[in-house]
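The structure appears below as structure tokens.
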Amino acid sequence: MANVTLENVTKRFDDVVAVNSADLKVRDKEFLVLVGPSGCGKSTTLRMVAGLEEITEGTIKIGDEVVNDVPPKDRDIAMVFQNYALYPHMNVYDNMAFGLKLRKFPKDEIRRRVEEAAEILGIENLLERKPKQLSGGQRQRVALGRAIVREPKVFLMDEPLSNLDAKLRVQMRAELSKLHDRLQTTVIYVTHDQTEAMTMGDRIVVLKDGFIQQVDDPLSLYNYPENMFVAGFIGSPAMNFLDAELVKEGNEYYLEGNGAFKLKISEEMINNYPDITEAAGGDIVFGIRPEDLSDTSLKQDFEVTEDNSFEAEVEVVEPMGSEIYLYLATGEHNMIARVDAESEAEVGDIIKLGVDQAKMRLFDAETEEAFITQSD
């Protein structure tokens, strides 16, 4: 296997910059996920690594070799597409063997590789079937098998699960993770689904408008987003953002939200992130994830005081089985709280919300950059 390195890689389509000065190093045997909204440049990045798109500027290396001018067939990569791209007139065995036959592999070696891949994927009994006789999940396994038999340095996967139903996607996520552990391969995986990214990636690359926003492991990305875009994109339901002013009273600092709430900044946060104090007197954005807001009528995982709580009106109640989503309003602010299913809150109720101060995130209102990051 091999690492993949992008150095100042840019891709332009006429006047449109699809990927802008991307610097990225994919480690050997790593499962790296590119995630972001439609049009952010993730598939274009993958296609440049594959050689299906020419780069406008920069350098791409696979291992120690610069591959800018190397044709796709000579890059020692295998790609799995969203639409499976199976040959309808060939059976499963021939679909999986086709690339090896083109490369003039001996028949015995082709059979060994195809049967081994079929066993890994649990499709040994499907080798004589045509694609039209297969379910979506089975077709995806065949597409994966065709990549596996190549034994490439790098696997490239472009939204391979997006055509599957929700239940099968969950199952295939687990299967792909197990497959990666077994094969110990380098994988670059593109998705727009942040749940896929969080559950599958060793590291995640978040893109927006052609720019890399942050590269980190899933938990660091979730707990320490470097800007509001990453904070809002990663997590479901998304992080709540509330406009506030940071005020200083004596030696203490508070977040004030136009009379709707007044929350104290913990002493620990002030000590650990002194840059916050420089924003005193200015507008900032207060971010808190729905699971870090609590219905104070229930048992709390943290101490609730007047310094870390405020009142809000319940506008919508969404029972989710093991938990409830409460859509709330206080003053001009709207938010979602993810609370225990035992909550008895109803539409129209005024409830007291507790805020886990350790999980509060503050962002510069102008730059949208976080005051608190993992690198701090």
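Within a 6.0 Å sphere centred on CD of E344, other residues, nucleotides and ligands contribute 12 heavy atoms or fewer. Within 6.0 Å of the CD atom in E342, the count of heavy atoms belonging to other residues, nucleotides or ligands does not exceed 12. Enclosure of atom NZ in K262 by more than 12 non-hydrogen atoms of other residues, nucleotides or ligands within 6.0 angstrom is indicated. Residue Q133 places its CD atom among more than 12 non-hydrogen atoms of other residues, nucleotides or ligands, all under 6.0 Å distant. Under a cut-off of 6.0 angstrom, the local environment of CG in N125 is crowded, with over 12 non-hydrogen atoms contributed by other residues, nucleotides or ligands. Within 6.0 Å of CG on N271 lie more than 12 heavy atoms contributed by other residues, nucleotides or ligands. Other residues, nucleotides and ligands contribute only 12 or fewer heavy atoms inside 6.0 Å of the CG atom of D108. Within a 6.0 Å radius of CD in E268, other residues, nucleotides and ligands contribute 12 heavy atoms or fewer.
When all heavy atoms are compared, the tightest approach of M90 to N95 is O-ND2, 3.1 Å. The heavy-atom pair separating V9 from T59 by the smallest distance is CG2-O, 3.4 Å. Summarising the geometry of S43 relative to V190, their closest heavy-atom pair is OG-CG1, 3.7 Å, with the distance given to 0.1 Å. Across all their heavy atoms, G201 and P218 have their closest contact at O-CG, 3.3 Å. When all heavy atoms are compared, the tightest approach of A329 to N334 is CB-OD1, 3.6 Å.
Residue V170 belongs to no hydrophobic cluster, having no ILVMFWY side-chain heavy atom closer than 4.5 Å to its own. In the hydrophobic clustering, where aliphatic and aromatic side chains (Ile, Leu, Val, Met, Phe, Trp, Tyr) are joined below 4.5 Å either directly or transitively, V247 groups with Y254. Y327 forms part of a hydrophobic cluster together with V316, M320, Y325, I336, judged by ILVMFWY side-chain heavy-atom separations under 4.5 Å. Summarising the hydrophobic clusters (Ile, Leu, Val, Met, Phe, Trp, Tyr; side-chain heavy atoms under 4.5 Å, direct or chained), the residues clustered with I350 are none.
Taken together through direct or relayed side-chain contacts under 4.5 Å among Ile, Leu, Val, Met, Phe, Trp and Tyr, L207 and V17 form parts of separate hydrophobic clusters. Hydrophobic clustering places M172 together with V92 (ILVMFWY residues linked when any side-chain heavy atoms are closer than 4.5 Å, directly or through intermediates).
In this structure, D364 contributes its side chain and E366 its backbone to a donor-acceptor pair below 3.5 Å. The backbone N or O of N8 sits less than 3.5 Å from a side-chain atom of D23, completing a donor-acceptor pair. Here the side chain of R146 pairs a donor or acceptor atom with the backbone of A85 at under 3.5 angstrom. Looking only at distances, a side-chain donor or acceptor of Q184 sits under 3.5 Å from a matching main-chain atom of D181. Put simply, the side chain of T186 gets close to the backbone of A2: a donor and an acceptor are under 3.5 Å apart. T56 places a side-chain N or O within 3.5 Å of a backbone atom of R12 that can act as its donor or acceptor partner.
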Next item on the list: Apply side-chain contact (heavy atoms from CB on, under 4.5 Å) to V49 and V26, showing your working.
Entry: CA-CA 11 Å; V49 174; V26 187; over 6 Å; no

Next item on the list: Under the side-chain contact (heavy atoms from CB on, under 4.5 Å) rule, what do L176 and M157 come out as? Steps first, then yes or no, please.
Entry: CA-CA 11 Å; L176 279 174; M157 301 189 182; 4.2 Å; yes

Check: Hey, mind stepping through I55 and K11 against side-chain contact (heavy atoms from CB on, under 4.5 Å) and telling me if it holds?
Finding: CA-CA 5 Å; I55 67 173; K11 177 62 181 179; 5.8 Å; no

Margin query: Show, in sequence, the C-alpha distance, side-chain angles and deciding distance for K42 and V205, and conclude whether the side-chain contact (heavy atoms from CB on, under 4.5 Å) test is met.
Written below: CA-CA 9 Å; K42 54 189 184 294; V205 182; over 6 Å; no

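Under the 4.5 Å side-chain criterion, counting only non-hydrogen atoms from C-beta, Q357 is not in contact with M269. By the 4.5 Å heavy-atom criterion applied to side chains, L24 and T45 are not counted as neighbours. Side-chain contact between P237 and R338 is present, with at least one heavy-atom pair separated by less than 4.5 Å. At a threshold of 4.5 Å between non-hydrogen side-chain atoms, the residues L126 and V142 do not count as touching. Side-chain atoms of T185 and L179, non-hydrogen and from C-beta on, never get closer than 4.5 Å to each other. At a threshold of 4.5 Å between non-hydrogen side-chain atoms, the residues F286 and I265 do not count as touching. Contact of the R150 side chain with the F155 side chain is not registered, since no non-hydrogen atoms from C-beta on lie closer than 4.5 Å. The side-chain heavy atoms of M79 and L52, taken from C-beta on, include a pair separated by under 4.5 Å.
F233 and F229 have parallel rings, their planes meeting at less than 30° on a 0 to 90° scale where 60° marks the start of perpendicular.
Checked for salt-bridge contact, K264 and E306 miss the test: no charged N lies under 4.0 Å from a carboxylate O. A salt bridge links E109 to R112: one of the charged nitrogens lies within less than 4.0 Å of a carboxylate oxygen. Comment: D94 engages K101 in a salt bridge, judged by a side-chain N to carboxylate O separation of less than 4.0 angstrom. Between D202 and R27, none of the side-chain N atoms (NZ, or NE/NH1/NH2) sits under 4.0 Å from a carboxylate O, so this pair counts as no salt bridge.
In this structure, the separation between CE on M198 and CG on D217 is 9.0 Å, given to the nearest 0.5 Å. Atom CD1 of I234 and atom CZ of R289 lie 8.0 Å apart (nearest 0.5 Å). Atom CZ of R47 is separated from atom CG of L156 by 11.0 Å, given to the nearest 0.5 angstrom. Here the OH-CD distance, from Y189 to E159, works out to 8.0 Å after rounding to the nearest 0.5 Å. Remark: Q138 CD to I123 CD1 distance equals 8.5 Å, nearest 0.5 Å.
With sequence neighbours left out, F241 forms a ring-ring contact (aromatic ring centres under 6.0 Å, His included) with F363. When the side-chain contact (heavy atoms from CB on, under 4.5 Å) test is applied to S343, the partners found at least two apart in sequence or on another chain are D295, L298, I324, L326, V339, A345. Checked against ring-ring contact (aromatic ring centres under 6.0 Å, His included), H180 has the following partners two or more places apart in sequence or in another chain: F31. Every residue was checked against the ring-ring contact (aromatic ring centres under 6.0 Å, His included) condition with F105, not counting sequence neighbours, and none meets it. For D349, the side-chain contact (heavy atoms from CB on, under 4.5 Å) partners are V314, E346, I351, not counting sequence neighbours. A search for side-chain contact (heavy atoms from CB on, under 4.5 Å) contacts involving R75 returns I62, V67, V70, I77, not counting sequence neighbours. Remark: F211 engages N20, Q213 in a side-chain contact (heavy atoms from CB on, under 4.5 Å) (not counting sequence neighbours). Taking F310 as the reference, F261 meet the ring-ring contact (aromatic ring centres under 6.0 Å, His included) condition, with sequence neighbours excluded.
Donor-acceptor pairing under 3.5 Å is recorded for the side chains of T199 and R173. A donor-acceptor contact closer than 3.5 angstrom links the side chains of T191 and E196.
When each of L255, I276, D243 is tested with I284 by the rule side-chain contact (heavy atoms from CB on, under 4.5 Å), just one qualifies, namely L255.
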